[in-house]
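This report concerns only the one structure given below.
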Number of protein chains: 2
Amino acid sequence: MRATTESPRPNLLELLWRATPETSRGPRKGLTVDEVVAAAIALADAEGLEAVTVRRLAQELGKAPMTLYTYVPGKAELVSLMLDSLFEGMARTPAQGSWRERLATVARDNYTLYRAHPWAAAASPNRPPLGPGQCAKYEHELQALEGLGLSDVEMDDALTYLLAFVRTAARDAAQSDAERETSGMSDEEWWETNGPLLARVLDPARFPTAVRVGQAAGEAHDAAYNPEHAFVFGLERTLDGLSTLIER
Amino acid sequence: MRATTESPRPNLLELLWRATPETSRGPRKGLTVDEVVAAAIALADAEGLEAVTVRRLAQELGKAPMTLYTYVPGKAELVSLMLDSLFEGMARTPAQGSWRERLATVARDNYTLYRAHPWAAAASPNRPPLGPGQCAKYEHELQALEGLGLSDVEMDDALTYLLAFVRTAARDAAQSDAERETSGMSDEEWWETNGPLLARVLDPARFPTAVRVGQAAGEAHDAAYNPEHAFVFGLERTLDGLSTLIER
DNA sequence: TTCGTACGTTGTATATTGTACAAAGTACGT
DNA sequence: ACGTACTTTGTACAATATACAACGTACGAA
């Protein structure tokens, strides 16, 4: 048996905190984890997360594809690093005003982030890994809920609930945008194509309420779905829902 | 120029409503769209959506891979068909009781569906294509909001908001399950591996609230995240949020 | 100063994906 | 009876993540 070296594959958490042991042997590294992550974010912002392939990213960095695996154990870890980097640098508007204003600000900061980086809304899990960015974000956002008489567990519940709403709203908005782009069809074209079939098949006798309400919603929003309206409406509802917990 | 036949690639909407023109020429079809969709659902239920590849599905059906393209124009359309089929067959508990009870029932029916078919929660868009299943579902669910004094647009807003919450809750729950399975790590093992680093890096002076609240939440749920609790908590908040719209 | 070895870099290779294309075969309508 | 529309299928291709091994570099010990 050959005494092969134990490959010290860095753990995601170590990587997030940049707690990988420094090595001195061997050639100098031509890149840093931060550079790789920054390039990946730039690429995802410009062309979407599906453009962030190992080959393409390496090309962008002027290296051979496999080189990246020196910096990042795999693609999943790279995405986590991208997210944490976003969280690290995102806006943290200082908390002020009523609890409702403070939470609305938290929601808007998040919505703005996810709208600016649509790939992040799709990639972000409900519980992101505990990197420095996520921790700073969590710390900041909890401030909006401090001193309201909630238990610690309720603070976490409330924040998780609010953030899940925002992520979903942003994700749906991004998806709505993407569909419009991908299909390359305007709403008018869509109706020209599909209207006849729908008219035949959407029997008002069978779906009376659906036809009535669907039509009203479509006309009101001037589209099948209006993400910005959904966010505004949903944010009010979400804050109202939290008020019964907070103003108990 | 050869007079090639215009390939009558069926539109998704035509396919959803099974409104594809019947052909008589040529060999008899060995399958039906319904059989393909049913097999795909069974496969996704058993092994996840990532197991539903064209090759695997064809094998399951005893056909060559490319045969499936006779029935379905591509994989995206197949997934839409799978979803609509699920919606068609899902539980529709009759509406009764207060508006709150009715909406809670709608939410639970949806949550049950998505928990039984985790791939569907991940694949379902905010606005599913207008297939027969989706229409029947929409019609049914709107009943819970009928007669409450809401405008048609508000009915749609409210339902969309409620369903987005449920989808997200189910998606997060499925992801939480998947992570546990994929990592193959129990919570204890995770802490053994990552505890030391976290202890060093999660400075209570830098993240006082985060450390305090995070620890409390973790202990209360006996895990980093408790999806079922999040659903119960969130459903109450969501209904409270809608109450300010409905009981105005 | 020399040299072994740990480690960065990279070319090659593999398994898997969706699906385009064309050949082959089938059965209906004329 | 026969042409042709349509099903079925084999082959092929581009793209993916990443395993593996060869190669070269430069530090640390001698």
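So you know, we letter chains A, B, ... as the sequences are listed, proteins then strands, and number each from 1.
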**Length of the CG-C1' vector between B:L43 and C:dT17, whole Å** = 15 Å
**Message:** Check this one for me: any side-chain N or O of B:T67 less than 4.0 Å away from OP1 or OP2 of D:dT7?
**Reply:** no
**Prompt:** So, do A:L202 and A:Q215 sit near enough that their side-chain heavy atoms are less than 4.5 Å apart?
**Reply:** no
**Request:** May I ask you to evaluate whether A:T23 reaches the phosphate of C:dG8, defined as a side-chain N or O under 4.0 Å from OP1 or OP2?
**Result:** yes
**Item:** Whole-Å gap separating P (D:dA17) and CD (A:E77)
**Value:** 13 Å
**Message:** By the 4.0 Å heavy-atom rule, please label A:T53 as base, sugar-phosphate, or nothing.
**Reply:** sugar-phosphate
**Item:** Closest listed nucleotide, where the reference is the side chain of B:P27 and the choices are C:dG25, C:dT9, C:dG18
**Value:** C:dG25
**Message:** If you assign A:G30 and B:R56 each to the DNA chain C nucleotide with the nearest heavy atom, which residue ends up on the more 5' nucleotide?
**Reply:** A:G30
**Asked** Under 4.0 Å: is that the gap between some side-chain N or O of A:S24 and OP1 or OP2 of D:dC27?
**Response** no
**Message:** Using whole Å, what does the distance between atom P of nucleotide C:dC7 and atom NZ of A:K63 come to?
**Reply:** 18 Å
**Separation of atom CG in B:L31 from atom P in D:dC6, rounded to whole Å** = 18 Å
**Message:** Output the rounded distance in Å from CG (B:L68) to C1' (C:dT17).
**Reply:** 14 Å
**Request:** Would you mind checking if B:R92 and B:E139 are paired as a salt bridge, meaning a charged N to carboxylate O distance below 4.0 Å?
**Result:** no
**Message:** Output the rounded distance in Å from CZ (A:R25) to C1' (C:dC7).
**Reply:** 9 Å
**Asked** Side chains of A:M185 and A:E192: closer than 4.5 Å at any heavy-atom pair?
**Response** no
**Message:** I want to confirm an ordering. Mapping A:P73 and B:G26 to their closest nucleotides on DNA chain D, which one lands closer to the 5' end?
**Reply:** B:G26
**Item:** Donor + acceptor pair across side chains of A:Y225, B:D156 (<3.5 Å)
**Value:** no
**Item:** Earlier contact from the 5' end, DNA chain C, for B:P65 and A:R55
**Value:** A:R55
**Request:** May I ask you to verify if any side-chain N or O of A:R28 is less than 4.0 angstrom from the OP1 or OP2 atom of D:dC27?
**Result:** yes
**Asked** Should the pair A:F231 and A:Y111 be assigned to parallel (<30°), tilted (30 to 60°) or perpendicular (>60°) ring geometry?
**Response** parallel
**Prompt:** How many Å lie between NZ on B:K29 and P on D:dC6, as a whole number?
**Reply:** 10 Å
**For atom CE of A:M66 and atom C1' of D:dA22, their distance in whole Å** = 13 Å
**Message:** Any side-chain N or O of A:Y69 below 4.0 angstrom from OP1/OP2 of C:dT10?
**Reply:** no
